[in-house]
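Chain A is the first sequence line, chain B the second, and so forth, proteins listed ahead of strands; every chain is numbered from 1. From a predicted model like this one, the values you see are computed outputs, not experimental measurements.
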Amino acid sequence: MAGLGSMDELNSISPYVASNYQVIRVDFRGHGKSLLGEQSLSYLQYQKDIQALLNHLDVGQYSIFGFIDGGIVAYRLAAREPDRVNCLVTLGAQWRLKPNDPSIELLSALNKDDWLSQFANEVAYYEENNPEPNFSKLLHTVKDVWLDTTASGYPDIAVETIKCPTLVMRGDNDFLFSLDEAVALKTRISNCSFANIPLTAHSSHQESPKLVGEILNQFLQKYTN
Amino acid sequence: MQLNQNILYYPVSKWHLLLTNLLRNLMKNKNGYINIDNMSLYFDVSGNPKGKPLLMLHGGPRFNG
């Protein structure tokens, strides 16, 4: 299972929160229906885009669910805006990239041809729905985002400034966000719960939507009412 | 008997104002593009308009094993 990254991949769990919350979703730059633009991408840029959108919508306080890249941006937002973020839930989201992290080799090796051969339908969907599709450029650009170890990338120790109730989730068989790294993250956030989702790998919300959706809704209900 | 219309008018007016402000403050469900730095970002707002805001952020293009 894989996705090119767009708000549509959240459709599996949106129904579990739609009756209680007003759900705001966005396609990151270059993803889904959003344009890529000419600027280089980074998790910091994604964060700024989200802040601009929330200000545009006149949103005050809010909660966040973020999946992998979305979770990394969510950590950044919660650390940056502790008075604005009520509650944080992430899934499969790394908080740092250590020099020996096994995901570096995997992410570096990711190339367009491999992707096209295995996920032609997803690429076709992207090219059909994006106003200015350029998958080759998108893949090249997001690789720089994933491998960015500067301050514009992963939050790293800034996660220690997260104050809101936080739930970190990962698939039990996730090969990118390890159990050790999840536990290390839990020790750095003062009010952090942890859920290891059984029988799933990297996309637990798609592999086990009922379990993840109900955990998400239950956690949000506890801390936002 | 002369009805003092002010008694009725002002409370109704106040309620109307309150309701108008409440509706104005509710964020309507919608979708579309926002322009940021000459770049267009697509978003949608759905779910319960009276509910608290929940931002849901997707992942990037990656393999899953």
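Proximity to chain B (any heavy atom under 4.5 Å) is shown, for A:Val23, by both the backbone and the side chain. If you measure heavy-atom distances from B:Ile34 to chain A, the contacts under 4.5 Å come from the side chain alone. With a 4.5 Å cut-off on non-hydrogen atoms, A:Gln39 touches chain B through its side chain but not through its backbone. At a 4.5 Å heavy-atom cutoff, the contact between A:Pro131 and chain B is made by side-chain atoms alone. With a 4.5 angstrom heavy-atom cutoff, A:Leu77 touches chain B only via side-chain atoms.
The backbone N or O of A:Ala201 sits less than 3.5 Å from a side-chain atom of A:Glu207, completing a donor-acceptor pair. In this structure, A:Glu9 contributes its side chain and B:Gly59 its backbone to a donor-acceptor pair below 3.5 Å. No donor-acceptor pair under 3.5 Å is formed between the side chain of A:Asp172 and the backbone N or O of A:Leu199. Although no hydrogens or angles enter the test, the distance criterion places a donor-acceptor pair under 3.5 Å between the side chain of A:Arg84 and the main chain of A:Val59.
When the candidates A:Gly171, A:Ala18, A:Ser63, A:Ala93 are compared by the number of heavy-atom contacts under 4.5 Å with chain B, A:Ser63 comes out ahead. Options B:Phe43, B:Tyr42, B:Tyr33 differ in how many heavy-atom pairs under 4.5 Å they form with chain A, and the most are formed by B:Tyr42. Your options are A:Phe65, A:Tyr62, A:Tyr126, A:Phe135, and the one with the most heavy-atom pairs under 4.5 Å with chain B is A:Phe65. Ranking B:Asp44, B:Leu41, B:Asn29 against chain A, the residue ahead of the rest is B:Asp44, based on heavy-atom pairs under 4.5 Å. Between chain B and the residues A:Leu91, A:Asn20, A:Leu139, A:Val142, the largest count of heavy-atom pairs under 4.5 Å involves A:Asn20. Across A:Ala74, A:Gly70, A:Gly32, the residue that shares the most heavy-atom pairs under 4.5 angstrom with chain B is A:Gly70.
Classified by interplanar angle (parallel below 30°, tilted 30° to 60°, perpendicular above 60°), the ring pair A:Tyr46/A:His31 is perpendicular. Ring pair A:Tyr154/A:Tyr43 is perpendicular by interplanar angle, where above 60° counts as perpendicular and below 30° as parallel.
Side chains of A:Gln45 and A:Asp49: a donor-acceptor N/O pair is present below 3.5 angstrom, by distance only. The closest side-chain donor-acceptor pair between A:Asn86 and A:Tyr223, if any, does not fall under 3.5 angstrom.
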